[in-house]
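Structure, as structure tokens:
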Amino acid sequence: MCGFNPYEIREDFPALRRTLHGRRLVYLDSAATSLKPVCVIEAIASFYREYCGNVARGVHTLSQEVTRLYEDAREEVARFIGADGDEVVFTYGATDSLNLVAYSWGLRNLREGDEVVLTVMEHHSNVLPWQELASLKGVRLRYVGITGDGRLDYAELEEAISERTRVVAITHMSNVLGTINDVRRVARAAHSVGAIVVVDGAQSVPHMKVDVRVLEADFLAFSGHKMLGPMGIGVLWCRRDVMEEMAPHRVGGGAIVDVEPNAAVYAPPPRRFEAGTPNVEGAVGLMEAVRYLARVGMESVEEHERELTRYAMKLFEEELGDAVEIYGPRDVNARGGILSFNLRGLDHDVVGMALDSCGIAVRTGMHCAHILHKRLGLRGTVRASFYLYNVREDVEALVDACSEIAQSGRT
Ligand code: PLP
């Protein structure tokens, strides 16, 4: 039993009042981007109504007010993940955060022959920056596989980590399989050889309690728009001692202490990594989003989504049996609220379009995880993803519609 009423929560999300093709909107694509509550929308609007200065750009009161607001947002977001404010860099999203790690840390610290260990379940955002580094620096990428049940193969991972490993880059929750990875176990193995651990938290931070001190990683990246906040704002948490050693990957105004014609002294972190006018409106919106999530309680959010996933797996099995194939761990406790599946004999996009005509928004395709889909021998999947505003009726609508699609596809 979760600690909030999702029917009351739904009242806070104006998008749920709209229809899709004349039907009640069943929004099951929160892994792509979440809906926004009124308080977030209002916070952004009131920022533009009431504030009118740039951050850290002047002595006048208006500028100082904006600076205070931006730094309050940093503190609030840091608190949400059990961190201190000065360990949190605002970025444009998880992708930007992961690029920051690769270019600020990787470019200067990796040498030819070093190895980066990844998993086959990584989103492209946690693959491509490392691929770029591999070609620039002669670094080798090693991919760790999954078990038949869609879990990370820890034995293979521990074997892949060696004295040559400098980075282990891993997703906390797979955006396809929903698998939750044991980051602490991975971090301990990586740290035992002196490697750093980069965690892609794009799917975990919005949906479960994440505390950076518990994870024991060195970096954690996530996006605001997947956790009730606006687009264009993201976060990179970084261990303080690691961050202090890093040079900025983007340079410009706001990130310096002093500049000479041929040299510059960069500001201490996190400002060192935030050159240019930042997305203050995004930070303000994200602050309101994490306040909202904290009020509801992340343990409750996780439990609610797990209940919906359990219910969906049960209904799919009862109503469709062999006509549906579900990917990822059978044990619902090993996964979050992401359910990827295929209807046997039917193309994933065809299923997605048929669901759309029933008012149900899901994602179809390879979900920026080509390596995983190829490993599974799949051309794509249909992905339903849940959040705190989803209810059992959404699951029933999905399974009923899939049942009809499967039947009409067979006749
Ligand atoms: N990592 C994972 C696991 C994701 O699911 C996503 C987005 O779908 C990203 C990274 C990239 O997030 P963004 O597009 O917000 O940068």
Side-chain angles (χ1 to χ4, degrees), residues 27-36 40 77 81 89-103 118-132 143-144 146 150-152 168-181 183 186 197-208 210 215 217 219-237 249-250 273 279 282-283 285-286 289-290 305 327-328 335-340 361-373 375 380-387:
Y27 189 74
L28 298 178
D29 198 18
S30 295
T33 197
S34 74
L35 304 179
K36 320 299 172 201
V40 168
V77 171
I81 54 168
V89 180
F90 280 125
T91 65
Y92 297 106
T95 304
D96 191 38
S97 300
L98 293 163
N99 273 273
L100 194 167
V101 180
Y103 289 99
L118 306 155
T119 84
V120 297
M121 60 173 99
E122 297 314 307
H123 186 280
H124 295 161
S125 294
N126 202 22
V127 170
L128 300 176
W130 304 112
Q131 271 188 14
E132 288 299 309
Y143 288 91
V144 175
I146 53 173
R151 295 173 198 237
L152 183 64
V168 177
I170 182 173
T171 186
H172 195 185
M173 187 192 295
S174 162
N175 68 318
V176 179
L177 303 170
T179 312
I180 298 170
N181 291 321
V183 169
V186 174
V197 180
V198 182
V199 178
D200 176 355
Q203 295 297 345
S204 62
V205 175
H207 301 281
M208 57 195 273
V210 174
L215 286 188
F219 295 97
L220 175 71
F222 55 99
S223 295
H225 70 97
K226 293 183 196 286
M227 51 190 293
L228 314 183
M231 292 186 173
I233 185 81
V235 172
L236 178 68
W237 168 81
H249 73 310
R250 284 192 302 108
F273 305 102
N279 179 1
L286 182 56
V290 301
E305 291 179 30
Y327 306 100
R335 59 192 297 159
I338 288 176
L339 199 67
S340 293
V362 291
R363 177 147 177 209
T364 59
M366 295 212 223
H367 321 299
C368 300
H370 286 195
I371 296 167
L372 177 68
H373 280 81
R375 182 65 72 102
T381 49
V382 182
R383 181 183 73 186
S385 51
F386 306 118
Y387 214 172

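In each ligand, atom 1 is the first atom listed, and ligand 1 is the first ligand listed. Both backbone and side-chain heavy atoms feed into the values below; hydrogens, waters and symmetry mates do not.
- Inter-residue side-chain proximity for R335 and L177 is flagged as unmet; no heavy-atom pair is nearer than 4.5 Å.
- Considering all non-hydrogen atoms of both residues, H207 and K226 come closest at NE2-O, 4.4 Å.
- Applying the side chain to side chain contact (heavy atoms under 4.5 Å, CB included) test to Y92 and every residue at least two apart in sequence or in another chain returns D96, R250.
- Here the closest heavy-atom approach between residue I338 and residue V176 is recorded as CG2-O, 3.5 Å.
- Every residue meeting the side chain to side chain contact (heavy atoms under 4.5 Å, CB included) condition with N279, not counting sequence neighbours, appears here in chain and number order: I233, E281.
- R383 is linked by a salt bridge (charged side-chain N to carboxylate O under 4.0 Å, His left out) to D29, counting only residues two or more places apart in sequence or in another chain.
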Pairs under 3.5 Å, nitrogen or oxygen of ligand 1 with protein nitrogen or oxygen:
{"from": "ligand 1", "atom 1": "1 (N)", "to": "D200", "atom 2": "OD1", "distance (Å)": "3.2"}
{"from": "ligand 1", "atom 1": "1 (N)", "to": "D200", "atom 2": "OD2", "distance (Å)": "2.5"}
{"from": "ligand 1", "atom 1": "5 (O)", "to": "Q203", "atom 2": "NE2", "distance (Å)": "2.7"}
{"from": "ligand 1", "atom 1": "8 (O)", "to": "H123", "atom 2": "NE2", "distance (Å)": "3.4"}
{"from": "ligand 1", "atom 1": "8 (O)", "to": "K226", "atom 2": "NZ", "distance (Å)": "2.6"}
{"from": "ligand 1", "atom 1": "15 (O)", "to": "S223", "atom 2": "OG", "distance (Å)": "2.6"}
{"from": "ligand 1", "atom 1": "15 (O)", "to": "H225", "atom 2": "NE2", "distance (Å)": "2.7"}
{"from": "ligand 1", "atom 1": "16 (O)", "to": "A94", "atom 2": "N", "distance (Å)": "3.4"}
{"from": "ligand 1", "atom 1": "16 (O)", "to": "T95", "atom 2": "N", "distance (Å)": "2.9"}
{"from": "ligand 1", "atom 1": "16 (O)", "to": "T95", "atom 2": "OG1", "distance (Å)": "2.6"}

